[in-house]
Amino acid sequence: MTTTMPPTPTPPRIRVLLADDQKLVRAGFRSIIDDEDDIEVVGEASTGTEAVHLTHALRPDVVLMDIRMPEEDGLAATRRIVSDDALSEVRVVILTTFDVDDYVYGALRAGASGFLVKDTEPMELLHGIRVCARGDALIAPTVTRRLIAEFAGRVVQPDVSPRLNVLTEREFEVIRLVGAGLTNDEIAARLVLSPYTAKTHVSRIMSKLNVRDRTQLVIIAYESGMIKPGWLG
C-alpha cells in the first residue's frame, strides 16, 4: 500500500504596505515585490495619515515608510504605529535619502526597525523586507550603524537608565556587541558561545528592556554610553 505524504504547507507571504507620496516610487517598489513568491503588497498610502489608517485596517508585516509626506510625515506616522500595542507585530522600515539623516535617527529612536535608501538595489530591498519581517537583524547594518554612531556621538551626557540594572554581566557584553553591529553568529564566535545561546541572550535582553527589535538595542547601547563609535575597531 502506497502512503501519500501530505503536501508541505506554504509559509504565509510577507505582507507589505507602501507609504510614499510619489506614485512612481510606489510603482517601482511594487514591480520589484510582485515578482516574488513570498512577499506581496497589500496596500499603498500617499500620506502619513493614510499610512496609519491602512496599517490598522490591513495589519501588514512591514510598512515601507517615506519620511517626507503631506498631512503627516513619516516620522509622526511611525511614532503612532509603533506606540500602538495593537500593532506590535508591525515593523516599520524608513525609506530615505542621505540628506535627511537627522530624520532617520529620530525615526529609529521612535521605534522604526531600520531604513533603506530609495535607490537601493532590488535584491537588497527584498532582503531587507525579509530580514525585517523576521525581526532577526538590522536592515543595511553597516549603513545603519554609521548613522547611529554619528548622531549618538552627539550625546553629551549618556543616558544611564536604571532599567539597565536588570541585565547580567554577560548580557551587557552581548548588548555592546549588538550595538557594534555584530550578528548573532559573530557574537557567538567572539564570546565563544553557540549561535543558539547568543540568540537566546539577545532575545532575553529585548524582553527585559521591552524593546521591539535589535535596532532599539543599538540605540540603547550608544545613548547609554556602553560603547562609542569605533569601539570595536
Side-chain angles (χ1 to χ4, degrees), residues 9-97 100 102-118 120 125-140 144 203 206-207 209-220:
T10 303
R13 302 176 82 183
I14 299 170
R15 295 161 48 82
V16 176
L17 173 66
L18 302 176
D20 194 295
D21 63 334
Q22 298 182 43
K23 189 173 182 178
L24 283 177
V25 172
R26 299 198 309 270
F29 284 131
R30 179 182 278 274
S31 68
I32 295 170
I33 293 172
D34 281 347
D35 286 337
E36 301 302 303
D37 294 331
D38 62 329
I39 311 174
E40 64 178 331
V41 175
V42 295
E44 298 184 21
S46 59
T47 70
T49 301
E50 187 179 12
V52 175
H53 172 74
L54 288 179
T55 300
H56 277 280
L58 301 174
R59 293 296 200 275
D61 299 300
V62 177
V63 180
L64 294 182
M65 181 83 75
D66 185 27
I67 286 183
R68 293 177 173 173
M69 289 187 290
E71 293 184 12
E72 182 176 28
D73 66 23
L75 182 56
T78 296
R79 283 176 174 153
R80 288 178 60 190
I81 290 171
V82 302
S83 65
D84 191 329
D85 290 341
L87 303 176
S88 61
E89 299 301 315
V90 178
R91 296 292 178 261
V92 178
V93 178
I94 297 297
L95 298 173
T96 184
T97 54
V100 288
D102 279 303
Y103 290 100
V104 172
Y105 185 64
L108 293 176
R109 291 191 66 198
S113 295
F115 75 94
L116 290 168
V117 292
K118 286 189 176 182
T120 188
L125 168 68
L126 297 171
H127 175 70
I129 291 172
R130 293 183 178 109
V131 167
C132 184
R134 293 196 307 264
D136 287 345
L138 294 173
I139 294 175
T144 301
S203 297
M206 289 170 57
S207 177
L209 299 182
N210 192 30
V211 298
R212 294 166 62 91
D213 52 36
R214 295 172 73 100
T215 305
Q216 303 309 302
L217 292 184
V218 175
I219 296 288
I220 291 172

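Numbers here simply count residues along the sequence, with the first being 1.
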Practice task
Check the pair Arg212 / Arg91 against side-chain contact (heavy atoms from CB on, under 4.5 Å), numbers first and verdict last.
Solution key: CA-CA 9 Å; Arg212 294 166 62 91; Arg91 296 292 178 261; 3.3 Å; yes
Exercise for the section: Kindly check if the number of other-residue, nucleotide or ligand heavy atoms within 6.0 Å of CG (Asn210) is above 12? Expected result: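 Open.
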Problem - CG (Asp35) with more than 12 external heavy atoms under 6.0 Å - result: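 More than 12 within 6.0 Å, yes.
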To the closest 0.5 Å, what do you measure between [atom1] ([X]) and [atom2] ([Y])?
X      : Y      : atom1 : atom2 : result
Arg214 : Ile219 : CZ    : CD1   : 14.0 Å
Lys118 : Leu64  : NZ    : CG    : 11.0 Å
Ile14  : Arg130 : CD1   : CZ    : 6.5 Å
Asp66  : Thr47  : CG    : OG1   : 11.5 Å

[X] (side chain) donor-acceptor with [Y] (main chain) under 3.5 angstrom:
X     : Y     : result
Arg15 : Leu58 : yes
Arg26 : Asp20 : yes
Arg13 : Asp38 : no
Glu89 : Pro60 : no

Which heavy atom in [X] sits nearest to a heavy atom in [Y], and how many Å separate them?
X      : Y     : value
Ala112 : Val82 : N-CG1, 4.5 Å
Ala86  : Arg59 : O-NE, 3.6 Å
Pro70  : Ser46 : CD-O, 3.7 Å
Leu54  : Ala45 : CD1-CB, 4.0 Å

Problem - Given Val63, Val62, Thr78, the one that forms side chain to side chain contact (heavy atoms under 4.5 Å, CB included) with Val93 - result: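 So the option named by the test is Val62.
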Practice task
Would you mind telling me which of Leu87, Ile81, Val90 makes a side chain to side chain contact (heavy atoms under 4.5 Å, CB included) with His56?
Solution key: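 It is Leu87, the one option of Leu87, Ile81, Val90 that forms the side chain to side chain contact (heavy atoms under 4.5 Å, CB included) with His56.
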Decide yes or no for [X] and [Y]: does some side-chain heavy atom of the first lie under 4.5 Å from some side-chain heavy atom of the second?
X      : Y      : result
Val16  : Phe29  : no
Ile129 : Ile33  : yes
Ile220 : Val211 : yes
Arg68  : Asp21  : no

Handout entry: By side-chain hydrogen bond (donor to acceptor under 3.5 Å, both in side chains) - contacts of Arg30 (at least two apart)
Key =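 Arg30 satisfies side-chain hydrogen bond (donor to acceptor under 3.5 Å, both in side chains) with Glu44 only.
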Exercise for the section: Please name all residues satisfying side-chain contact (heavy atoms from CB on, under 4.5 Å) with Arg80, sequence neighbours left out, ordered by chain then number. Expected result: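 Result, side-chain contact (heavy atoms from CB on, under 4.5 Å) vs Arg80: Val52, Glu72.
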Practice task
Could you tell me which residues satisfy side-chain contact (heavy atoms from CB on, under 4.5 Å) with Ile32, sequence neighbours excluded, listed by chain and number?
Solution key: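 Ile32: side-chain contact (heavy atoms from CB on, under 4.5 Å) contacts with Pro122, Leu125, Leu126.
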